[in-house]
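The figures here come from the full heavy-atom set of this structure, side chains too, leaving out hydrogens, waters and symmetry mates. Both counts, for ligands and for their atoms, begin at 1 and track the order of listing.
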Amino acid sequence: MNPFDLGGRTAVVTGANTGLGQSIALALAEAGATIVAVGRSAMDETRAGVEAAGVSFHEIRADLSTTEPLKGIVEETILTCGALDILVNNAGIIRRADAVDFTEEDWDAVIDTNLKSAFFLSQAAGKHMLERGRGKIINIASLLSFQGGIRIPSYTASKSGLAGLTRLLACEWAARGVNVNAIAPGYFVTNNTQALREDPDRSAAILSRIPAGRWGQPSDIGGAAVFLASSASDYVHGIVLAVDGGWLAR
Ligand code: NAP
């Protein structure tokens, strides 16, 4: 028995067309999981990688800025794949402006996608998981689940909130066979950090405090997701696992 084997499991990954979500989908597929990729953009690249790993790929087009599609995502997954074993709440956005200038629109957009949809998708998936007495939910948090940051007030609020929700859901569901945990990526090379990487001063400052001496590549994230999705983590509840090149250790 390989405790990291995900054969026969179905994983829903939101925002799986690119970046960390794509890498997580590929890692879960390589561990044997059927992948249901949820998002608003074409996912052909992810499909190709998942199918190359020898497992099934299903795509659900949905805009996660509202709660409207969430129950349907869970229903369609169960209808198509028979069950929903693993949910990765990865889709997320960031808006940058000084706190004094920050708009209500930028507040709502980030909170709605990063926090509200993540909670209500967890609720919809959680109902199914609790009925079966098993399931794994992985929230993609951030270093801003621990730290304040600058110029990203709604993002910090959303990711700090997501860490809190991870703990709350773990407390409610741990005894009922459902593991809820989070991964806090450090600074990774994706669309999310493009503006930071294009700013030479911020980019150098960030790099200088990463003990590993480099930014994360999307392929650095998958191992943590496989761990938290697999039976290897059956007694792990409510943690926020940093995958950050040592940033928080500094
Ligand atoms: P990314 O490349 O910008 O990916 C974000 C993903 O979320 C994309 O698939 C995007 O789809 C999807 N998404 C955004 N809004 C959506 C909506 N309304 N409906 C459906 N899908 C939506 O950035 P990433 O770095 O991979 O981000 C993935 C997660 O990691 C996010 O939660 C982010 O906050 C978190 N994170 C990233 C870092 C980092 O350093 N990169 C660090 C900490 C945490 P589209 O392509 O269609 O927009």
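- The nearest heavy-atom contact from the protein to atom 18 (N) of ligand 1 is Asp63 OD1, 2.9 Å.
- Lys71 has no carboxylate O lying under 4.0 Å from a charged side-chain N of Glu75, or vice versa, which leaves the two without a salt bridge.
- For atom 36 (N) of ligand 1, the closest heavy atom belonging to the protein is Tyr155 OH, 3.5 Å.
- Ring to ring, Trp107 and Phe102 are not that close: their centroids are 6.0 angstrom or more apart.
- For ligand 1, the polar-atom distance check against Leu20 finds a nitrogen or oxygen pair separated by under 3.5 Å.
- When Asn17, Thr14, Asn192 are ranked by how near their heavy atoms come to atom 8 (C) of ligand 1, first place goes to Asn17.
- Relative to atom 5 (C) of ligand 1, the option among Gly19, Gly92, Ser23 with the closest non-hydrogen atom is Gly92.
- Counting only heavy atoms of the protein, atom 48 (O) of ligand 1 lies nearest to Arg40 NH2, 2.7 Å.
- The N/O atoms of Gly15, backbone and side chain alike, include one that comes under 3.5 Å of an N/O atom in ligand 1.
- For the side chain to side chain contact (heavy atoms under 4.5 Å, CB included) test with Ile94, the passing option among Ile152, Asn114, Leu196 is Ile152; the others fail.
- Heavy-atom proximity to Tyr187, at under 4.0 Å, picks out these atoms of ligand 1: 40 (O).
- Nearest protein heavy-atom contact of atom 43 (C) of ligand 1 is Pro185 O, 3.4 Å.
- Under a 3.5 Å cut-off, the side chain of Ser158 and the backbone N or O of Tyr155 do form a donor-acceptor pair.
- With a 4.5 Å cut-off on side-chain heavy atoms, Ile150 and Arg202 count as touching.
- When heavy-atom distances to ligand 1 are checked against a 4.0 Å cut-off, Lys159 comes that close only through its side chain, counted from C-beta outward.
- Geometrically, ligand 1 and Ser142 share no nitrogen or oxygen pair separated by less than 3.5 Å.
- In this structure a side-chain-to-backbone donor-acceptor pair under 3.5 Å is missing from Ser230 to Asp5.
- For Trp215, the heavy-atom gap to ligand 1 stays at 4.0 angstrom or more.
- With 3.5 Å as the limit, one finds no donor-acceptor pair spanning the side chains of Thr190 and Asn192.
- Distances from ligand 1 to the non-hydrogen atoms of Gly186 include at least one value under 4.0 Å.
- Residues Asn179 and Ser233 have side chains that never bring a donor and an acceptor to within less than 3.5 angstrom of each other.
- More than 12 heavy-atom neighbours from other residues, nucleotides or ligands sit within 6.0 angstrom of CD on Glu105.
- If you look at Phe188 next to ligand 1, the close heavy atoms, those under 4.0 Å, come from the backbone and the side chain alike.
- Contact atoms of ligand 1 toward Ile140: 29 (C), 30 (O), 35 (C) (distance under 4.0 Å to a heavy atom of the residue).
- In this structure, Glu45 places its CD atom where only 12 or fewer heavy-atom neighbours from other residues, nucleotides or ligands lie under 6.0 Å away.
- Not a single N or O atom of Thr193, backbone or side chain, sits closer than 3.5 Å to an N or O atom of ligand 1.
- On a distance-only criterion, Leu64 and ligand 1 share at least one N/O pair closer than 3.5 Å.
- Looking at Thr190 against ligand 1, only its side chain comes within 4.0 Å, counting heavy atoms.
- Under the 4.0 angstrom criterion for non-hydrogen atoms, Ala141 is in contact with ligand 1.
- The aromatic rings of Phe4 and Phe227 sit tilted relative to each other, their planes meeting at an angle between 30° and 60°.
- Contacts with ligand 1 closer than 4.0 Å are made by side-chain heavy atoms of Ile93 only, the backbone lying farther away.
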Enumerate, atom names and distances included, each donor-acceptor pair closer than 3.5 Å involving a side-chain atom of residues 160-169, sequence neighbours excluded.
unit_1	atom_1	unit_2	atom_2	d
Ser160	OG	Leu144	O	2.9
Ser160	OG	Thr156	O	2.9
Thr166	OG1	Asn139	ND2	3.0
Thr166	OG1	Leu162	O	2.7

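- Partner Thr14 forms a side chain to side chain contact (heavy atoms under 4.5 Å, CB included) with one of Asn90, Ile60, Thr113 and no other, that one being Asn90.
- Here the protein heavy atom with the shortest distance to atom 4 (O) of ligand 1 is Thr18 CG2, 3.9 Å.
- Summary of contacts: the protein heavy atom closest to atom 47 (O) of ligand 1 is Ser41 OG, 2.4 Å.
- Remark: minimum distance from atom 28 (C) of ligand 1 to any protein heavy atom is reached at Asn90 OD1, 3.1 Å.
- Note on Asp234 versus Lys136: salt bridge recorded, some NZ/NE/NH1/NH2 to OD/OE distance being below 4.0 Å.
- A salt bridge links Asp220 to Arg214: one of the charged nitrogens lies within less than 4.0 Å of a carboxylate oxygen.
- What sits closest to atom 21 (N) of ligand 1 on the protein, heavy atoms only, is Ala91 CB, 3.8 Å.
- Of all the heavy atoms of Ala62, the ones lying under 4.0 Å from any atom of ligand 1 belong exclusively to the backbone.
- The shortest N or O to N or O distance between Ala16 and ligand 1 is not below 3.5 Å.
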